[in-house]
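In listed order, ligands and their atoms are each counted from 1.
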Amino acid sequence: MKIISVVNQKGGCGKTITAVNCAAALHKKGYRVLLVDLDPQAHATFALRKVSNVYITDILEATAENLPMPSENLLTAVRDNFYLIPSRIGLASLEHKLAARQDKLQILSSFLAKISENFDYCLIDCPPNLGILTLNALEASHYSLIPLTICDFSLHGIDILKNILIMLKEFKGSHPVPFYLLTQVDKRYNFSKDFGDKVKKQLGDLLLKSTIRTNITLREAASAGKTIFEYKADSRGAEDFTALADEVEKITAQNKWASLFLRSDKFSEVYLVGDFTNWQRDERYRLSKVGEDIWSINVPLEKGKYRYKFVAGDSWFNDPHNTLAEDDAFGGKNSLLVIE
Ligand SMILES: Nc1ncnc2c1ncn2[C@@H]1O[C@H](COP(=O)(O)OP(=O)(O)OP(=O)(O)O)[C@@H](O)[C@H]1O
Ligand SMILES: [Mg+2]
């Protein structure tokens, strides 16, 4: 099961619309999909309007306390092979209870590990903050999908999220591979286009090619308790989410990804060089500047062992966030990536 958290600490940037309709689009392509509503506001639960007796609160509580799970209908069926774990407001107080525990960030991942054979994809709709629930989602996820709107694109906001990803990497050696998605795009406005161009330039390959246009039908579908495919299958919203699911499928199917970061405000450009570039600078391996002092790149790689360094101007140096290294031929070290 590939786990994708839809995350951005900013409110109203399209997380819920994305989680619900991307899950529906992947299901439409024939995948077994689980949607987890991890937001006490329960918007995704509302957007699917399903009756349930078991909520994410029950599941997290039982997992944390090692209690038996509620035995019936643990997951709420939306359709055949499309399930929801709904949320409710009590999730906010559970978050406080979890805060005291040492394993507070691993509760969700240990539950999802138990059901991972049953699904191809799990999408997690996160709350608009970077509290314990979102950290649980990031800890459990292989990928994070970060919706951005014009108003959201504050470098500061992205910086905070990046810092958390770096922290996760330092703390457990890995973090979800981040991809950004432009949402609520309105091509009628020039500033929307200028903004899109700016983001593309800045984020490079970290930005998905698909975008989600502003489409009132998406809002109507959510209010009617339906996915966009149930509500209006020939809408622009349905078209955009189908394209997004195609891209998500490609990204998650092809290779493994190495997601690398570097923190520095000294450089004007940084390249990744290594076995995969024949130790040459290559435009495809230029890092994107995703925050005031944060550089980032996602590299698709086959299974194997790779040596690499970063190059900025004349300096060649190791990845400071990777403790795996091996001696190089010049008395220094190369950073190592092992893709399994
Ligand atoms: N592409 C779109 N076209 C039209 N309306 C949209 C689109 N995307 C989102 N919206 C509307 O914008 C509002 C915010 O979207 P959404 O609830 O998905 O954001 P969110 O990031 O989950 O918010 P929160 O942070 O509160 O959880 C909703 O009313 C939603 O219906
Ligand atoms: Mg939401």
Query raised in the report: Looking at Y285, is R281 sitting on its ring face, NZ or CZ under 6.0 Å from the six-membered ring centre and within 45 degrees of the normal?
Result: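 Verdict for Y285: no cation-pi partner in R281.
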Element-labelled atoms of ligand 1 that are located less than 4.0 Å from some non-hydrogen atom of [X]:
X    : result
R213 : 1 (N), 2 (C), 3 (N)
C13  : 19 (O), 20 (P), 21 (O)
I212 : 1 (N)
G14  : 15 (O), 16 (P), 18 (O), 19 (O), 20 (P), 21 (O)
G11  : 25 (O)
D39  : 27 (O)

Query - Flag: protein heavy atom within less than 4.0 Å of atom 28 (C) of ligand 1 - result: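 No, there is none.
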Query raised in the report: Is atom 13 (C) of ligand 1 less than 4.0 angstrom from some protein heavy atom?
Result: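 Neighbour list for atom 13 (C) of ligand 1 is empty of protein heavy atoms (cut-off 4.0 Å).
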Query raised in the report: Near K114 NZ, under 6.0 Å, is it more than 12 heavy atoms from other residues, nucleotides or ligands?
Result: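 Buried by this count: over 12 neighbours within 6.0 Å.
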Between [X] and [Y], is there a donor-acceptor pair closer than 3.5 Å when you use the side chain of the first and the backbone of the second?
X    : Y    : answer
R286 : E283 : no
N318 : P320 : no
T242 : A238 : yes

Residue and atom name of the nearest protein heavy atom (relative to [atom]), distance in Å to one decimal:
atom                    : value
atom 17 (O) of ligand 1 : T16 CB, 3.9 Å
atom 30 (C) of ligand 1 : I17 CG1, 3.8 Å
atom 11 (C) of ligand 1 : R219 NH2, 3.7 Å
atom 26 (O) of ligand 1 : Q41 NE2, 3.3 Å

Query raised in the report: Do any N/O/S atoms of Q41 come under 2.8 Å of the Mg ion (ligand 2)?
Result: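 Within the cut-off used here (under 2.8 Å), Q41 places no N, O or S atom near the Mg ion (ligand 2).
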Query raised in the report: Do the side chains of V54 and I89 join up, straight or via other hydrophobic residues, at under 4.5 Å, putting them in one cluster?
Result: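 Shared cluster, no.
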Report task. Verify the distance criterion only: is there a donor paired with an acceptor across the side chains of T252 and Y121 at less than 3.5 Å? Result ->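 Distance-only check passes for T252 and Y121.
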Query raised in the report: Can you tell me if Y308 and N334 form a side-chain donor-acceptor pair at under 3.5 Å?
Result: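 Note: Y308 and N334 side chains miss the donor-acceptor criterion.
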Report task. Kindly identify the option in L218, D240, N215 whose heavy atom sits closest to atom 3 (N) of ligand 1. Result ->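 The nearest heavy atom belongs to N215.
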Query raised in the report: Heavy atoms only: which of K15, H43, Q184 is nearest to atom 9 (C) of ligand 1?
Result: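 Checking each option, the heavy atom nearest atom 9 (C) of ligand 1 is found in Q184.
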Requested in this report: Using a strict cut-off of less than 4.0 Å between a Lys/Arg side-chain nitrogen and an Asp/Glu carboxylate oxygen, indicate whether K29 and D246 qualify as a salt bridge.
Outcome: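 Yes.
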Requested in this report: Could you tell me whether some N/O pair between G12 and ligand 1 is separated by less than 3.5 angstrom?
Outcome: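 Between G12 and ligand 1 (N or O atoms, distance only) the closest approach is under 3.5 Å.
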Report task. Before giving the answer on side-chain hydrogen bond (donor to acceptor under 3.5 Å, both in side chains), spell out for Q280 and Y271 the whole-Å C-alpha distance, their side-chain angles and the decisive distance to 0.1 Å. Result -> CA-CA 9 Å; Q280 304 289 323; Y271 289 85; over 6 Å; no
